[in-house]
J.: 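Mind looking over this structure? Questions follow.
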Amino acid sequence: MGRTVRAVVAVALMFLIAVMLSKRLPAPAANGQARRCEIPAEPPRPLHLARFADRAHLRADSATAESWAIAYADVSPLRQQGAGPYADVRDQCMAMLFARISQSHGSDVSTVREYAQQRDIIFDAAVLLVFAFAYVVIAYQLVGAVTRRFPGDERFALVAAVIIVSVMTVFAAVLVGDSWSIGAEILRVGNGHLSYRTERLPWRQYRPAILATALGVFWLVAIVRIKADRVQAAERRTLFGSDDELYSNR
C-alpha cells in the first residue's frame, strides 16, 4: 500500500477508536463490596423520543441500568444459591432501576426496558469498521504473498491458492472478530460479565452474513492486488526488460 493509503487508514482507525471510546457507559464499581442497586444520579427531565439525541440518552441510561443490575447480582449472596435466585435478584434490581429512569425521564417502564435491548448503532458500526480495516490490510498482504509464490503463468495454481487462503482467513477472522466484538462491548459497558447480552452483538446475530461478506471482500481484495501486481510487473519489464535480461545484466 502507498503512503497516502496508509495515512488515510491510520486516520480512519484513530477516528473510529475515538468514536468507540466516546460511547462508553458509566462502569459499575470495580470493588464488589461497593456495588449498589443504583445508577449515577442525573437531573430529571422529560425525553422526547422523536429526537435522536434523546433516544440515544434513553438507550444509554437503560443499558447502564441493565449492566449495573447484572454487576450487582454478580456479588449478591443469593448467587451462591443457584441460577434461579441469582436471576431473581438481577431482575428485581433491573426493574427498580428501570422504574427510576421512567420517573426521571417521563417514559413508560416498558419503553425503558425496550431501549435496554437496543444496540448503539454508531458504536457497533465503529467496531465493525475497525475490524474491517484490519481485515482488508491483512488480506492484501496475504494475497501479495501468494502472488509472489505463484508467477503469472501459473494461473490455476494461483487461483487455487487464493481460494484456499481465503477460506482459512475467513474462518480465522470469524473467530478473532467474535473475540474483538466481545472485548469492545466489555470496554463499552465496563463490566466483564456480559451474560445474555453477548447474543445481542451483531457478530453473533449476523454471523452467516458476516462470513459471506468477509469471503467476498477477500476475493475482491485478491482481484485488486493481483491486477496491481501485474501492472507493476509490466512497468518493470518496460523499464528494465524481461526478468531474465535484468538478472543477466547484474
Side-chain angles (χ1 to χ4, degrees), residues 1-23 52 59 117-189 194 196-236:
M1 292 187 176
R3 292 182 178 179
T4 302
V5 174
R6 287 197 294 268
V8 171
V9 169
V11 171
L13 287 175
M14 288 189 291
F15 172 76
L16 291 171
I17 291 173
V19 170
M20 290 171 55
L21 294 176
S22 70
K23 293 294 181 176
F52 174 82
R59 185 166 51 245
Q117 301 178 17
Q118 295 183 8
R119 296 293 308 165
D120 188 322
I121 297 177
I122 296 176
F123 177 84
D124 287 339
V127 170
L128 292 175
L129 286 173
V130 168
F131 185 85
F133 274 114
Y135 176 79
V136 169
V137 171
I138 292 172
Y140 191 84
Q141 299 300 324
L142 288 174
V143 175
V146 171
T147 56
R148 287 191 295 271
R149 173 63 180 81
F150 297 99
D153 54 348
E154 298 183 19
R155 293 184 179 180
F156 179 79
L158 176 61
V159 172
V162 168
I163 292 175
I164 293 172
V165 172
S166 68
V167 172
M168 295 173 61
T169 303
V170 166
F171 277 105
V174 169
L175 296 176
V176 174
D178 190 63
S179 298
W180 161 247
S181 62
I182 290 174
E185 184 67 6
I186 290 174
L187 174 69
R188 183 178 82 96
V189 301
L194 295 182
Y196 54 82
R197 294 175 293 176
T198 304
E199 300 306 317
R200 295 180 191 160
L201 298 176
W203 205 274
R204 294 289 181 91
Q205 292 188 26
Y206 309 110
R207 181 170 291 177
I210 290 174
L211 192 150
T213 301
L215 191 61
V217 169
F218 191 100
W219 289 345
L220 180 62
V221 170
I223 292 173
V224 172
R225 180 65 193 258
I226 291 171
K227 288 186 175 181
D229 287 351
R230 287 181 177 176
V231 170
Q232 291 179 1
E235 292 176 350
R236 286 196 298 269

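Treat the numbers as computed from the prediction; the structure is a model and nothing was measured.
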J.: Once salt bridge (charged side-chain N to carboxylate O under 4.0 Å, His left out) is applied, what residue pairs with a partner in residues 168-183 remain, sequence neighbours excluded?
T.: Asp178-Arg204, Asp178-Arg207
J.: Which value, rounded to the nearest 0.5 Å, describes the distance between Arg225 atom CZ and Leu142 atom CG?
T.: 10.0 Å
J.: For Gln118, what residues pass the side chain to side chain contact (heavy atoms under 4.5 Å, CB included) criterion, not counting sequence neighbours?
T.: Arg59, Glu114, Tyr115
J.: Are there over 12 heavy-atom neighbours, none belonging to Ile17, within less than 6.0 Å of that residue's CD1?
T.: yes
J.: Once you round to the nearest 0.5 Å, how far does CE of Met20 lie from CG of Asp124?
T.: 10.0 Å
J.: Return a table of donor-acceptor pairs under 3.5 angstrom between the side chains of residues 158-169 and protein atoms on other chains or two or more places apart.
T.:
residue	atom	partner	partner atom	Å
Ser166	OG	Val162	O	3.2
Ser166	OG	Ile163	O	2.6
Ser166	OG	Trp219	NE1	3.0
Thr169	OG1	Val165	O	2.6

J.: Take atom CZ in Phe52; do more than 12 heavy atoms of anything else shown fall under 6.0 Å from it?
T.: no
J.: If I compare all heavy atoms of Trp203 with all of Gly177, which pair ends up nearest, and what's the gap?
T.: CZ2-CA, 3.4 Å
J.: Under the rule for side-chain hydrogen bond (donor to acceptor under 3.5 Å, both in side chains), what residues qualify as partners of Asp120, not counting sequence neighbours?
T.: none
J.: Working to the nearest 0.5 Å, report the span between CZ of Arg188 and CD of Glu185.
T.: 4.0 Å
J.: About how many Å separate CZ of Arg119 and CZ of Arg200, when rounded to the nearest 0.5 Å?
T.: 8.0 Å
J.: Among all residues two or more places apart in sequence or in another chain, which pass the side chain to side chain contact (heavy atoms under 4.5 Å, CB included) test with Leu187?
T.: Leu21, Arg24
J.: Side chains of residues 125-132: which donor-acceptor pairs under 3.5 Å do they make with residues two or more places apart or in other chains?
T.:
none

J.: Looking only at atom types and distance, does a side-chain atom of Tyr135 sit under 3.5 Å from a main-chain N or O of Ala214, one as donor and one as acceptor?
T.: yes
J.: Could you walk me through whether Ile138 and Phe218 pass the side chain to side chain contact (heavy atoms under 4.5 Å, CB included) test, one step at a time?
T.: CA-CA 10 Å; Ile138 292 172; Phe218 191 100; over 6 Å; no
J.: If you take all heavy atoms of Phe171 and Leu211, which pair is closest and at what distance?
T.: CE2-CD1, 4.3 Å
